[in-house]
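The residues of the chain are indexed from 1 along the displayed sequence. These figures come from a predicted structure and were not determined experimentally. For ligands, and for the atoms within them, numbers begin at 1 and follow the listed sequence.
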Amino acid sequence: MLQSWRWFGPRDPISLTKIRQAGATGIVTALHDIPAGEVWPKAAIAERKALIEAHGLRWSVVESLPVPSAVRLAEPGHERYVERYQESLANLGELGVKAICYNFMPVIDWTRTELEWRAPDGSIALRFESAAWVAFDVFLLQRPGAEAEYDQRQLAAGLRYFEALDAAGRERLIRTVAAGLPGANEKGYSLEGLRNELERWQSVTPEVLRSRLVAFLKAIVPVCERHGLRMCIHPDDPPRPLLGLPRIASCQMDFDALFEAVPSEVNGLTLCVGSLTAGRHNDASALVRHFAPRIHFAHLRTVLLEDDDSFVEADHLAGDANLIDIGRVLIAEERRRRAAGLEHAEIAMRPDHGRVLEGDIADMPGYPWLGRLKALSELRGMLAAIEQLT
Ligand code: DNO
């Protein structure tokens, strides 16, 4: 597998030199300074690529080329955003950056309720706690209709959680949920801003959103085919509807429907093991087997499921997904592709998130230096063993 590392660009305190010394050969990054909806100019892509290559690394995956919400909302004039997206894709393709991660989650991207949960060993993990979520949705945001979406036990737990929060705790919860985590599509919202944004989505059902995704893919597939690009949709995280918003990349049926509607090989998947595993309905080992030929990028990470819908991000080899089994399937898939003479045999992977360890550099939730160094090291050992023993 192409061992990669997510890097947030020249302002990332974790330098390319460090990343190279960690053992990665691929870089996963984006032109984060360019707002969603604008074209990525060729010169800017070339400059970023040269910087990466000057450090002996290669730009393996774009994460993400964000799809502006105007497209998901099919706002009047959204076609011009699709054209700009096509232009960015063509520019990337011409410069040889060929795997593109994106997502189609409305309003909020990946979501947690706690960014500093202390694990028993003192390290810090990201967590999604059901009671905190209900406290936010029902009692802080006071979203109309929210109450009806939870059962009595969940509502009681949410109320208890809410009542125990002081003003600072409320602020923290609002910031954690609404302000946007690293790499999110949108820049984040205040509580009021989020309420207003949700109103714009009221008529968007899962069917409507799915048809927009299919239309978007159909529009970009020809450009991708021309340039040998592979689009890799990122699963919803967590994989279920939130805030009454539809999510359509959450389970096997969702992805089956997507690949059936747009069968082109460029229509692929980011196997984000942690996101998928956060839904009890998903069996990541079964999904990787089912979708292997569509997987062009893998986020290797796992979670521990707790009561209700809660989960905490686990140590990479100690969660509810079996990354050893998943690594075995991905390596077998690479071998199958090589034997078939396919051009894109190698699948890029990156350790996803990581716990904050003592002495860490941890500017961005989920993306600490030491925590990911530990994760990548464990995964590198695991992959080397699989390569050798299978
Ligand atoms: C979180 C990441 C997400 C991901 C986007 C893809 O750590 O996996 O931010 O990059 O959802 O578009």
Taking the side chain from N322 and the backbone from I324, do they hold a donor-acceptor pair closer than 3.5 Å?
-> yes
Should the ring pair H32 and F8 be called parallel, tilted or perpendicular, given that the plane angle runs from 0 to 90° and is split at 30 and 60?
-> tilted
Do the two ring centres, one from H234 and one from Y102, sit under 6.0 Å apart?
-> no
Any donor-acceptor pair under 3.5 Å from S275 side chain to P238 backbone = no
May I ask you to check whether Y367 and R372 show a side-chain donor-acceptor distance below 3.5 Å?
-> no
Regarding D352 and H316, is there a side-chain donor-to-acceptor distance under 3.5 Å anywhere?
-> no
Which N or O atoms of ligand 1 sit under 3.5 Å from a protein N or O, and how far apart is each pair?
residue, atom, partner, partner atom, Å
ligand 1, 7 (O), H353, NE2, 2.5
ligand 1, 7 (O), Y367, OH, 2.5
ligand 1, 8 (O), H234, NE2, 3.1
ligand 1, 9 (O), W110, NE1, 3.1
ligand 1, 9 (O), P182, O, 3.4
ligand 1, 10 (O), R6, NH1, 3.3
ligand 1, 10 (O), R6, NH2, 3.3
ligand 1, 10 (O), E63, OE2, 2.5
ligand 1, 11 (O), N103, ND2, 3.0
ligand 1, 11 (O), D109, OD1, 2.9
ligand 1, 12 (O), S64, OG, 2.6
ligand 1, 12 (O), N103, ND2, 2.8

